[in-house]
Amino acid sequence: RQKALLLELLAKQAKDSLPSNMRILVTSRLEKDIESVLMSPLTTAQVKHVSDIESTKQDILVYVQHELKKPSMHMQKINDDHCQQIAVKAEGLFQWAFLACSYLKGIEGNTNGHTFKELFDDIMGLSPDHKAMAPLDQTYKFILEQLFPKVNSDERIKRRFQSVIGQLLVFAEPVSMNILRDVRGQ
C-alpha cells in the first residue's frame with residue numbers, strides 16, 4: 001500500500017516537474033511497477049538499469065576479488081578465473097555477487113566441511129533460467145535450503161519458519177505481543 005502511494009506521488013511529481021532537490025531515484029531492483037510509472041508518457045524521466053552499464057560488471061568483479069581473495073583456510077585455491085566466473089554469473093546484480101561471496105566464505109567462516117570447489121560448483125550450478133525463477137529468488141532459496149535443510153521436510157519447522165519470516169516482512173513497525181499472538185494463532 002505504501003509503495004503504491006509512493007509511486008503515485010512520484011508519477012504526479014514527475015509529471016508536474018520534480019522538486020529541485022530530487023535529482024536521482026535509485027532502486028536496487030527495477031520492478032515492473034516502478035518502471036511503468038517512471039517510463040509512462042506523462043513523465044520525462046530517463047530510466048537506466050545498473051546492469052545496462054558496462055562499468056557495473058567491472059565493479060562487480062572488483063568487489064568479488066576483494067571479498068574472496070582475503071586469506072582464509074578454504075579460500076586458498078581461489079584464482080582470478082573463479083572471480084571472473086562469479087562476476088559474469090552475477091549478470092550485473094551486486095546482490096547476487098554478495099550472496100555468492102557470502103555463501104563461498106561460509107557463515108562466520110564455517111563451511112560445514114565443504115571444500116571451496118564444492119561450494120563454488122554449487123553456486124555456479126544455479127540455473128540462469130529467468131523464466132523459472134528470478135536469479136536472486138533462486139539464490140536466496142538455495143542458500144536458505146542449505147542453512148535450514150529440515151524446513152522442507154518437517155511441516156512444524158516449515159510453519160514456524162514461515163510465521164517468523166512472515167512477521168518480519170509484514171510489520172513495518174513494532175507491534176504488541178497480543179497482536180503477535182493473534183497473528184501466529186497462539
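Residue numbers start at 1 and run along the sequence shown.
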For Ala97, give me all partners under side chain to side chain contact (heavy atoms under 4.5 Å, CB included), at least two apart in sequence or on another chain.
Ile60, Tyr63, Val64, Ala90
Could you grab the distance from atom CD of Glu67 to atom CD1 of Ile86, nearest 0.5 Å is fine?
11.0 Å
Do Glu91 and Trp96 have side chains that approach each other closer than 4.5 Å (heavy atoms only, starting at C-beta)?
no
Separation between OG of Ser102 and CD of Gln95, rounded to the nearest 0.5 Å:
8.5 Å
Separation of Leu104 CG from Ile78 CD1 (nearest 0.5 Å):
6.5 Å
Of all residues at least two apart in sequence or in a different chain, which pass the side-chain hydrogen bond (donor to acceptor under 3.5 Å, both in side chains) check with Asp122?
Tyr103
Asp121: what forms a salt bridge (Lys or Arg N to Asp or Glu O under 4.0 Å) with it, not counting sequence neighbours?
Lys117
Might you confirm whether atom CZ of Phe98 has over 12 heavy atoms from other residues, nucleotides or ligands at distances under 6.0 Å?
no
Contact summary for Gln85 and Met124, nearest pair of heavy atoms
O-CE, 3.5 Å
At their closest point, which heavy atom of Leu61 faces which heavy atom of Gln84, and how far apart are they?
CD2-OE1, 3.3 Å
Can you measure from CD1 (Ile123) to CD (Glu118) and round to the nearest 0.5 angstrom?
14.0 Å
Could you grab the distance from atom CD of Gln138 to atom CG of Leu99, nearest 0.5 Å is fine?
11.5 Å
What is the minimum heavy-atom distance between Lys69 and Asp80, and which atoms define it?
NZ-OD1, 2.7 Å
